[in-house]
Amino acid sequence: MKIASFNINGIKARIEALPAWLDEAEPDVALLQEIKSVDENFPREIFEDRGYTVETHGQKGFNGVAILSKLPLEDVSRGLPGDPEDEQARWIEATVIGDKTAVRVCGLYLPNGNPVPGPKYDYKLAWMERLRLRAQELLASEEPVVMAGDYNIIPQDEDAARPEVWARDALALPESRAAFRRILNLGFTEAFRARTQGPGHFTFWDYQAGAWNKNDGIRIDHFLLSPQAADLLTDCQIDKDIRAREKPSDHVPIWITLDA
DNA sequence: ATGTCAGCTTCGAGCTGA
């Protein structure tokens, strides 16, 4: 089972690049972030024509997540529990029925949190605490669980080309990293780091200041696996080349394969 | 040395968010 995560930065803007990548990468499941579309306006036919079931959790203008799946989906749920007042569309879950095993798959778009300090950073930390509580519940199921998406967290200095630039940013502050570790330390495996060590691996390059040409990137898109999912992990890669194409997103896809 | 992009509002440039 191949599961990919891709912050597309707007479905309208990626209406050509996204299907082109899907046709090449052929993930069974694609978790999309920043669809920037309401559910009614999401161009589902483009993906349904390719054999994908489409489940969206959108909102007007910003945010929005989606699951595309060639495998059957069950028990889709939208929104991160823990705050009925929260109207931002950043979380979607579904059970993917694999050939051998069912996997609970969660797609997430974690708040950016800048500027610091301020209400946006407070919201980020509060959202991460809600994520921790949901992660704890999911672990208790003792089933394979995958939580993937744009975490807006640079886990360590080696995950940025220029860590000094990010030192006081919401993506890298010690408090942000601690909140991320608090979730990991419940017993999750970060799939990319389970298979690849060392610096120089990125999933995002800013549109500004020629960041891509200078390889001035950061690694902020992650896959967290429950122990039962980690046991099934066979690969984890970043589709870096996508960033050099026409009209790219500022993020690239990252994917795993599971023996499921 | 500097350098962007996407979407919204409401027709087009300025704002927000990243």
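Each chain gets a letter, A, B and so on, in the order its sequence line appears, and its residues count up from 1. It should be emphasised that the depicted structure is a prediction, and the values quoted were computed from it without experimental measurement.
Atom CD1 of A:Ile11 is separated from atom P of B:dA6 by 13 Å (rounded to the nearest Å). B:dA6 atom P lies 12 Å from atom CG of A:Asp206, rounded to whole Å. Here the C1' atom of nucleotide B:dT4 and the CG atom of A:Asp250 are 9 Å apart, to the nearest Å. If you take CD of A:Gln208 and P of B:dG17, they are 16 Å apart, rounded to a whole angstrom. As rounded to whole Å, 5 Å separates atom P of B:dA6 from atom CZ of A:Arg14. We find that NE2 of A:His251 is positioned 8 Å from C1' of B:dA18, with the value rounded to whole Å. Atom CD in A:Gln59 sits about 11 Å away from atom P in B:dC8, given to the nearest Å. Atom pair A:Trp205:CH2 and B:dC5:C1' shows a separation of 17 Å (rounding to whole Å applied).
Using atom P as the reference point in both B:dA6 and B:dC11, the two lie 23 Å apart (nearest Å). On the P atoms, B:dG3 is 26 Å away from B:dC8, given to the nearest whole Å. When the C1' atom is used for both B:dG7 and B:dG12, the distance is 14 Å, rounded to whole Å. Between B:dC5 and B:dT10, the distance separating the two P atoms is 26 Å to the nearest Å.
Map A:Gly10 and A:Gln88 each onto its nearest nucleotide of DNA chain B; the residue landing nearer the 5' end is A:Gly10. Nearest-nucleotide mapping onto DNA chain B: of A:Gly61 and A:Glu34, the residue sitting toward the 5' end is A:Gly61.
A:Phe204 comes within 4.0 angstrom of no nucleic acid atom, judged by non-hydrogen atoms across all strands. Residue A:Ala209 is classed as a base contact, given a heavy-atom separation below 4.0 Å to a base. Counting any heavy atom pair closer than 4.0 Å across all strands shown, A:Lys214 reaches a base atom.
The side chain of A:Ala13 sits closest to B:dG7 out of B:dG7, B:dT4, B:dG17. Residue A:Lys60 places its side chain closer to B:dT9 than to any other of B:dA18, B:dT9, B:dT4.
Both cation-pi conditions hold for A:Arg90 and A:Tyr109: the charged atom is under 6.0 angstrom from the six-membered ring centre and inside a 45 degree cone around its axis.
Partners of A:Asp86 according to the salt bridge (charged side-chain N to carboxylate O under 4.0 Å, His left out) rule, which considers only residues two or more places apart in sequence or in another chain, are A:Arg130. Residues forming a side-chain hydrogen bond (donor to acceptor under 3.5 Å, both in side chains) with A:Asp239 (at least two apart in sequence, or on another chain): A:Trp21, A:Trp255.
Here the two rings, on A:His201 and A:Phe192, have centers that are under 6.0 Å apart.
More than 12 heavy atoms of other residues, nucleotides or ligands shown are found within 6.0 angstrom of CZ on A:Arg50.
The side chain of A:Lys36 places no N or O atom within less than 4.0 Å of a non-bridging phosphate oxygen (OP1 or OP2) of B:dC5. Under 4.0 angstrom from either OP1 or OP2 of B:dG7 there lies no side-chain N or O belonging to A:Lys12.
Hydrophobic clustering, with ILVMFWY side chains joined whenever heavy atoms are under 4.5 angstrom apart, keeps A:Ile220 apart from A:Phe180.
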